[in-house]
**Q** 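Just passing along the structure, written as structure tokens.
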2 protein chains.
Amino acid sequence: MPKKGRREEILAIACRLFSQKGYHGTTIRDISEACGILAGSLYAHINTKEDLLFEITNRGADAFLQSLAPIVESRVTAKQKLKQAVRAHIQVVEANLEAATVFFHEWKALTGERFEQIQEKRDQYEGMWSAILAEGVQEGIFQLQDEKFARLLILSVGNWIYQWYRPDGGLSAEEIADRFVALMLHGFVR
Amino acid sequence: MPKKGRREEILAIACRLFSQKGYHGTTIRDISEACGILAGSLYAHINTKEDLLFEITNRGADAFLQSLAPIVESRVTAKQKLKQAVRAHIQVVEANLEAATVFFHEWKALTGERFEQIQEKRDQYEGMWSAILAEGVQEGIFQLQDEKFARLLILSVGNWIYQWYRPDGGLSAEEIADRFVALMLHGFVR
DNA sequence: CTTTAAAACAAGCGCTTGTTTGTTTTTATC
DNA sequence: GATAAAAACAAACAAGCGCTTGTTTTAAAG
């Protein structure tokens, strides 16, 4: 455990539990017990349980956005952007597997304005992917006909990775990304 | 509402609520209220709350399995099987959108033996997809090199559909399936 | 040592959870 | 219209929920 302070430790523990049992399936006492303190003591560090969920998902969202933004804005071909974007996405999942799981699986448990904030960031992220594909179509590299489905296909892969990716799989994030990109670009028919 | 009996009505209502708010996020009183009865009255029809979740996910699992089984066993090319399998999968999602959502999103809330039962059926389903791909490799239609990733790609698309598919989208399940298959087989590069 | 602030405890608040029990109402059958 | 089964009610149970409050312990700084 790094010396990031008690609050970060609590966040990490909550993140782990949320990813394992879900937000509603995790109690404040589950978290406090995993922290080695009593339930009430948690409230010296947090305001509400939902604060934990929001901070986890919000950081997750920012990680994905900050990872993709420079790629979208860079001046390379759309094909290269696609490759780099898939790499970046998988790297974020790899580096924050539990947070990514909470981000993709539990964000709908947020309420009110916080729900909308995360929803906006998700839309923003999807929009960046759409931009890459649209650019590829404009460049004539990608076929337009199925643009919508290409986007869905890519996001399906990206959004499902947290379900199966395990750090002890042997392949690096780059290798995984490159194989996916190869498949997506050229298909898997001989 | 059809005359399927009160229990089926309760299952349908629970299914809708579970898909909207999650299993742990839905209370017995939520369900009973949506049924127009008191919480205690539910227990004339069910034994436990988890019974509802199990019955929903188990039926969902069976729907996917029964839909895919005849395709895997049929005597057509692997390419045709793939096409039919994607069609079948999307049709099941289309015909049971809420149940499919619960199946994919909430099944981990099951406990003990029931968790394992659903896990087995999921493994079985994935195994059928693997069989189709392996067959395609054997026939020389698909490239082996990335078989694992092809399987992951297909299952990612299949397992993520419930997140975005809406019945009022304009396209039929067949049309959606055919476009995905075309993309997966040949990629989206010019 | 003393001071001070952070961290944890101890106890419990009001409320909700899933579920049970005994009784009453509804519905269908003869 | 009596009988019986099915369905709902009414009331509550023990347990657990998120969270608050007042006090004590811990630990670092002078």
**Q** Figure out the CG/P separation between Asn47(A) and dT21(D), and round it to whole Å.
**A** 13 Å
**Q** What is the distance from CZ of Arg6(B) to P of dT25(C), rounded to the nearest Å?
**A** 19 Å
**Q** For the rings on Phe103(A) and Tyr162(A), is their centre-to-centre separation under 6.0 Å?
**A** no
**Q** When the distance from CG of Leu42(B) to P of dT21(C) is rounded to whole Å, what number comes out?
**A** 17 Å
**Q** Please classify the nucleic acid contact of Ile28(A) as base, sugar-phosphate, or nothing, using heavy-atom distances under 4.0 Å.
**A** sugar-phosphate
**Q** Output yes when at least one side-chain N/O atom of His24(B) is less than 4.0 Å from OP1 or OP2 of dT17(C), else no.
**A** no
**Q** I want to check a possible cation-pi pair here: Lys49(B) against Tyr23(B), using under 6.0 Å from ring centre and within 45° of the ring axis as the test.
**A** yes
**Q** What nucleic acid atoms does Thr26(B) come within less than 4.0 Å of, heavy atoms only: base, sugar-phosphate, or nothing?
**A** sugar-phosphate
**Q** Let me know the distance between CG of Asp51(A) and C1' of dG18(D), rounded to the nearest Å.
**A** 12 Å
**Q** For DNA chain C, whose closest nucleotide is more 5', that of Thr27(B) or that of Ile10(A)?
**A** Ile10(A)
**Q** Of the listed nucleotides (dA8(C), dC19(D), dG18(C)), which one gets closest to any side-chain atom of Tyr43(B)?
**A** dG18(C)
**Q** Starting the side chain at C-beta, find the nucleotide from dC9(C), dA8(D), dA7(C) nearest to Ile37(B).
**A** dA8(D)
**Q** Ignoring hydrogens and angles, does a donor from either the side chain of Arg29(B) or the base of dG18(C) sit under 3.5 Å from an acceptor on the other?
**A** yes
**Q** Give the ring-plane orientation class for Trp164(B) versus Phe180(B), where under 30° counts as parallel, over 60° as perpendicular and anything between as tilted.
**A** tilted
**Q** Nearest to the side chain of Leu38(B), which nucleotide is it out of dA10(D), dT19(C), dC9(C)?
**A** dA10(D)
**Q** Over how many whole Å does the gap from Lys49(A) atom NZ to dC19(D) atom P extend?
**A** 8 Å
**Q** Any side-chain N or O of His45(B) below 4.0 angstrom from OP1/OP2 of dA8(D)?
**A** yes
**Q** Return the 5'-most residue of the pair Glu50(A), Ser41(B) with respect to DNA chain D, ranking by each residue's nearest nucleotide.
**A** Ser41(B)
**Q** Rounded to whole Å, how long is the line connecting atom CD1 of Ile31(A) with atom C1' of dC19(D)?
**A** 13 Å
**Q** Take the angle between the ring planes of Phe104(B) and His89(B) and call it parallel below 30°, perpendicular above 60°, tilted in between.
**A** tilted
**Q** How far does NE2 of His45(B) sit from CD1 of Ile31(B), to the nearest 0.5 angstrom?
**A** 12.5 Å
